[in-house]
Amino acid sequence: MAAFEDTNGYRIILQWMEDKGNYPFKFQVDTWKKFGNGYSGMVIAPTGFGKTFSVFLALISDFLSHPERYGTGLKMIWVTPLRSLAKDIAKAMQEAMDEIGLDWVVGVRNGDTDPKVRQQQVKSMPEILVVTPESLHLLLAQKNHERFFKNLHCIAVDEWHELLGSKRGVMIELGIAQLKKYVRKLKIWGITATIGNLDEAMEVLIPYDIKKAKITAKEHKKIDILPVFPDEIEILPWAGHLGAKMADKIVPIILNSRSTIVFTNTRSQSEMWYQLLLDAYPDFAGQLAIHHSSIDAHLRIWIEENLSNGKLKAVVSTSSLDLGIDFKPVDTVIQIGSSKGVARFLQRAGRSGHSPFETSRIYCVPTHSLELIEVAALKEAVKQKVIEPREPQVLCFDVLVQFLMTLAVGDGFMPDEVYSRVKQTFAFRDINDEEWKGMLEFLTIGGSVLKSYEEFHKVVITDEGLYKVTSRKIAMLHRMNMGVIVSDAMLKVKFISGGYIGMIEEYFISRLKKDEKFILAGRTLEVAMIKDMTVFVRAASGKALVPSYLGGRLPLSSNLSVFLREKLSGALNPKASEKELKFLHPLLARQEERSHIPKDDEFLVELIKNREGYHLFMYPFEGRLVHEVMAALIAYRISKLAPISFSMAMNDYGFELFSDKEIPLNEENLNRILTRDNLMTDVISSINAAEMASRKFRDIAVISGMVIQNYAGKQRSNKSLQSSAGLIFKVLEDHDPNHFLVRQAYTEVFNIQLQEPRLVEAFRRIENSRIILKYAKTFTPLSFPIKIDSLRQTLSSEGLDARIQRLLQQANRSG
DNA sequence: GACCTGCTGCGGTATG
C-alpha cells in the first residue's frame with residue numbers, strides 16, 4: 001500500500017473520491033500528514049463538504065501506509081449521535097474498504113444491531129466499529145472488555161457540535177477517559193459544524209496534553225435566504241404561529257423545486273401544515289410526507305429513503321430531519337416561523353444544496369408580521385457569521401454515577417485510579433474530594449440518608465478494594481437503563497387491524513371526548529379502545545383534533561436577540577436591501593406613532609389602560625424562557641411597593657403584567673424595579689425554586705439509577721416516575737440538603753431553567769440603557785401579540801387562596 | 001379586529 005504514502009496518498013484518495021462523485025473536503029497536504037503523525041484534533045466544516053468521509057479516509061490512509069504498526073482486531077471507533085447515521089456511514093466505509101482492496105470489516109453496534117451480530121462482534125471485533133455514545137458505554141459495561149481495545153488506535157466523534165452541549169457529550173468525555181486507560185496513545189478526532197466556541201469544543205473533547213490540530217474549511221457555504229411575503233401586510237396576522245394563509249405562496253415553491261423539506265417548530269404544526277398543503281394542492285397526495293419524533297420509526301425510515309431517492313416532492317418535518325443522511329435531491333428548504341437561532345437556521349438551510357459547489361436555498365415564511373424583522377436579523381447574523389456557542393455541561397454527577405456503575409458492572413474499578421482519570425475530563429475538572437467520596441458512598445450504601453434501603457446497596461468492595469457489582473439483576477437493570485435521555489411516557493397508537501402509527505401524549509387522549517377524532521402522521525383516526533398503554537384506533541374522516549405534545553420549547557438564542565434589537569432599532573429607516581423592513585413599514589410606523597420603537601440603547605416599557613384594566617408591557621427581546629422569569633421577578637418587585645396581583649403573558653419579544661388595579665409604576669421608581677441589585681435573591685423569592693428543582697430531579701434520579709425506568713421491556717408511566725423521584729428528592733432535601741444530586745438539581749434549575757447567566761446579562765444591558773416609559777390608550781403592534789397570548793393561557797402570580805377570595809367577591813358582587 | 005404551540009436523541013446478555 002505504498003501508494004498511500006504521504007502526498008501521493010492524499011492525491012490518490014482525492015481522485016478516488018471525485019471519481020465516485022463525492023465532494024472531498026480538501027485538506028492541505030501538510031494537514032493531511034497530521035492524521036498520520038499522531039495528532040488529535042478537530043475538523044470544522046459546514047454540512048455537505050464531505051468532511052466525515054474525508055476524515056475517515058485520512059485516518060485510514062495512515063493505517064494503510066504503515067500496516068506493520070497495527071495488530072489485529074478493533075483499530076478505530078467511530079461515534080455518531082444517531083443510529084440512522086451509523087448505518088449509512090458504515091456502508092460507505094465498507095464500500096471504500098472493498099474498493100481499496102482491504103479485507104477490513106466495518107461493524108455497527110447500537111440498539112438496532114442484531115443480537116447474533118452482537119455476539120459475533122464480541123468474539124471477534126471488526127476493524128472499525130461505528131457506535132452511539134450509549135453503545136460505547138455498553139461496551140465498557142461488559143466483562144473483560146479491555147481485550148476489545150488492545151489494538152485500538154483512534155476514536156473519531158462525528159457531529160460533535162450535536163453532542164457537546166448535552167449530557168451525551170459528557171458520556172463521550174468519560175468514555176474517552178476510560179479508553180485512554182487501555183490505549184495510552186489514543187488519537188482523538190472530532191468533527192463539527194461551525195459553532196461559536198470551537199476552541200472550547202476541542203478542549204472539551206481533547207483535554208489531554210497531546211499534539212492537537214484544528215482544521216477549518218476555507219471554502220464557505222453559499223446560502224440564499226429568501227423571505228416569503230404575502231400580497232398585503234393585512235394578510236399577515238399580528239400574532240399567531242401557524243401561518244396558514246401563506247400556504248398558497250408555498251405550493252409554487254414546492255412545485256418549482258426538485259424536492260423540498262418544510263421545517264416547522266412543533267409536531268402539531270407539522271401535522272397542520274401537511275393538511276394545509278394537501279388542501280391547497282390536492283395533487284400532492286402521495287408525494288408529500290410528514291416526519292416527526294412521534295411518528296413510527298419504520299414510516300420515518302421509509303420517508304427518509306424516498307427523500308434520498310427523490311421519490312417524494314416534499315416532507316413536512318420538525319427538527320427530526322435537522323441531522324441525518326445527505327438528502328441529495330433536496331434543493332429547497334422552507335422554514336415556517338422563527339428558526340429561533342442562527343446555528344439551527346444554518347443547519348436547516350444546509351439540508352438543501354448538499355455540496356460545497358451548490359447554494360443552499362432557504363425560504364423563510366413568517367407566521368406573524370414581526371417575524372419579518374427576524375428574517376432581516378438572521379440575514380445580518382449569517383453575514384457576520386455570528387453563530388451560537390454550545391455550552392458544555394459540567395459537573396453532571398448523575399452521569400458520573402451512571403458511568404461508575406458501568407465500570408462496576410464491567411470489571412469493577414479502583415476508586416483512586418478512576419478519580420485521577422475523571423478529574424482530567426473537562427466536565428469534572430472541578431470535582432472535589434468530598435463530592436467524590438459522596439459518590440462512592442452513594443454507590444455502595446446509597447449515602448447516609450438512603451442507607452437503610454437495601455435496593456441502593458448496589459456496589460460491593462472486594463478485599464482488594466475493587467468496586468464491583470456482583471448481583472446479576474442489578475447489572476442487567478443497569479445495562480437496560482443506560483443513557484442520559486429520559487423520555488416522557490407516551491401511549492402507542494396502533495390500528496386495531498394491526499400496524500403501528502406513532503405515539504401520543506396520555507393527557508391528550510384523556511381529554512378527547514367520545515366520538516372526537518384526532519390526526520397523527522397525516523391520518524384521521526378514531527379511538528376504538530385503550531389497553532396497556534396502547535391506543536387502538538381505526539381510520540376515520542371528517543373534523544379532527546391535532547394533538548399537541550408537551551415538548552421542550554425552542555428558546556430564542558441570545559445571538560439572534562442581539563440582531564433582532566438592532567434591526568428593530570433602525571427599522572423605520574431600513575437599508576435599501578432590507579425588503580423585510582420596508583414591507584413592515586406601516587406596522588412599524590404605527591408602533592412609533594402610538595408608542596415608540598426602541599433604539600439600540602433603549603429599553604421600552606409601555607403602560608396601557610383600557611376597559612379591561614391596567615397592562616404593563618416590557619420588551620427585552622430575550623425569548624420566552626427568560627421572559628417567564630423576568631415577568632415573575634418584576635411582578636414580585638412591584639408587589640413589594642404595594643399589594644397587587646398580576647396575570648402574566650409573554651412571547652419571544654416581551655412580556656405583559658396585567659392587573660385590574662392601577663400599577664404603581666412611574667419614571668421615578670422604574671429604575672429601582674429594573675435594577676440588577678439583589679437580582680437572584682429576588683428571583684428566588686418570586687418563583688418556587690424547590691418545586692422546579694424537584695421536577696428537574698426526576699431526570700437526575702433516572703440517570704443516576706435511583707429510579708428505574710425500564711423493567712424488562714416495560715416502561716413506567718410518567719406519573720409513577722415523577723412520584724418516586726419526588727419522594728426521594730423530599731427525603732434528601734430534608735435530611736441531606738447538601739447532597740450532590742440535590743445540588744445538581746438546583747444548579748440545573750438556575751442554569752437551564754432560569755438561564756441565570758443570560759438573565760444577569762439582560763439586566764446589565766437594561767441598566768445601561770435609557771428606559772423609555774410610554775403611556776398608550778390602545779394596544780400597540782408590539783404589545784398586541786403578547787396580549788393575544790395571554791388570552792390563551794394565564795399564569796398567575798397570586799396565591800391560589802387570594803385568587804379564590806377574589807373570585808368569591810366578584811361572584812358576591814354580581815350576585 | 002387581529003388568535004389558539006411547544007424539538008431531538010439512546011438503550012441487555014452470560015459461558016463452556
Side-chain angles (χ1 to χ4, degrees), chain A residues 80-86 109-113 115-116 118-119 122-123 131-138 141-144 159 162-163 165-169 171 233-245 263-272 291-294 317-324 336-341 344 347-348 367-369 402 409 472-473 475-488 505 545-555 587 624-625 651-652 703 709-710 712-713 715 778-779 781 784-793:
Chain A
T80 67
L82 266 69
R83 285 183 309 219
S84 58
L85 282 177
R109 190 181 181 91
N110 60 33
D112 291 337
T113 308
K116 279 194 199 115
R118 225 184 268 272
Q119 275 179 6
V122 170
K123 271 196 212 127
V131 296
T132 55
E134 289 77 9
S135 308
L136 176 63
H137 278 236
L138 279 162
Q142 285 205 20
K143 294 257 184 305
N144 196 13
E159 311 275 8
E162 238 357 90
L163 296 163
S166 74
K167 289 182 180 176
R168 295 183 84 200
M171 286 183 84
I233 190 162
E234 279 73 27
I235 289 182
L236 263 188
W238 284 34
H241 84 286
L242 191 56
K245 285 174 179 152
F263 280 112
T264 60
N265 283 340
T266 69
R267 284 168 274 189
S268 62
Q269 199 182 7
S270 69
E271 296 275 357
M272 288 189 245
H291 193 281
H292 60 69
S293 66
S294 294
S317 108
T318 58
S319 304
S320 54
L321 282 184
D322 272 4
L323 281 177
I336 310 274
S338 165
S339 71
K340 312 261 182 183
R344 184 177 297 102
Q347 178 78 37
R348 290 183 172 179
T367 55
H368 68 80
S369 48
Q402 190 187 90
V409 164
R472 284 181 62 136
K473 193 179 159 224
M476 189 192 74
L477 279 178
H478 179 72
R479 290 195 183 98
M480 283 180 57
N481 284 281
M482 217 177 272
V484 291
I485 299 166
V486 183
S487 321
D488 296 324
E505 303 256 350
L545 295 168
V546 179
S548 62
Y549 298 84
L550 291 168
R553 289 173 178 155
L554 300 171
L587 188 142
R624 257 195 108 103
L625 254 67
N651 65 10
D652 277 337
I703 294 169
Q709 192 169 228
N710 293 313
Q715 214 183 26
T778 52
F779 292 122
F784 186 76
I786 304 174
K787 186 68 228 167
I788 294 302
D789 197 81
S790 77
L791 296 181
R792 280 206 296 268
Q793 67 173 104

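Each chain gets a letter, A, B and so on, in the order its sequence line appears, and its residues count up from 1.
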From C-beta outward on [X], which listed nucleotide comes closest to its side chain: [options]?
X        : options              : answer
A:Ser320 : B:dC10, B:dG9, B:dA2 : B:dG9
A:Thr318 : B:dG9, B:dC10, B:dC7 : B:dC7
A:Met476 : B:dG12, B:dC3, B:dC7 : B:dG12

So what does [X] hit on the nucleic acid, given a heavy-atom distance under 4.0 Å: a base, only sugar-phosphate, or nothing?
X        : answer
A:Arg344 : nothing
A:Ser135 : sugar-phosphate
A:Asn481 : nothing
A:His478 : nothing
A:Lys167 : nothing

Between A:Pro547 and A:Arg168, which residue's closest nucleotide on DNA chain B lies nearer the 5′ terminus? A:Pro547
Result for 5'-nearest mapping on DNA chain B, choosing between A:His292 and A:Gln269, is A:Gln269
What is the distance from [atom1] of [X] to [atom2] of [N], rounded to the nearest Å?
X        : N      : atom1 : atom2 : result
A:Tyr549 : B:dT8  : OH    : C1'   : 14 Å
A:Gln402 : B:dG12 : CD    : C1'   : 14 Å
A:Glu159 : B:dT8  : CD    : P     : 17 Å
A:Lys473 : B:dG12 : NZ    : C1'   : 15 Å
A:Ile786 : B:dA2  : CD1   : P     : 18 Å
A:Asn651 : B:dC4  : CG    : C1'   : 14 Å
A:His291 : B:dC7  : NE2   : P     : 15 Å
A:Phe784 : B:dG1  : CZ    : P     : 9 Å

Show me the protein contacts with nucleotides 13-16 of chain B, counting only N or O atoms at under 3.5 Å.
| residue | atom | partner | partner atom | Å |
| --- | --- | --- | --- | --- |
| B:dA14 | N6 | A:Gln119 | NE2 | 3.1 |

For A:Lys123, what residues pass the side chain to side chain contact (heavy atoms under 4.5 Å, CB included) criterion, not counting sequence neighbours? none
Can [X] and [Y] be counted as having a side-chain donor-acceptor contact under 3.5 angstrom?
X        : Y        : result
A:Ser294 : A:Arg267 : yes
A:Arg348 : A:Ser319 : yes
A:His292 : A:Ser320 : no

Which heavy-atom pair separates A:Ser166 from A:Glu162 by the least distance, and what is that distance? OG-O, 4.4 Å
Can you name the closest pair of heavy atoms from A:Ser135 and A:Asn110 and give their distance? OG-CA, 3.2 Å
If we check side-chain contact (heavy atoms from CB on, under 4.5 Å) with A:Val409, which of these qualifies: A:Arg472, A:His478, A:Met482? A:His478
Hey, does the side chain of A:Arg267 come within less than 4.0 Å of B:dC7's phosphate (OP1/OP2), counting only N and O? yes
OP1, OP2 of B:dC7 versus side-chain N and O of A:Ser293: anything below 4.0 Å? no
Taking only residues two or more places apart in sequence, or in another chain, which ones meet A:His137 in a ring-ring contact (aromatic ring centres under 6.0 Å, His included)? A:Phe403
Chi-angle category of B:dG12 [syn within 90° of 0, anti beyond]: syn
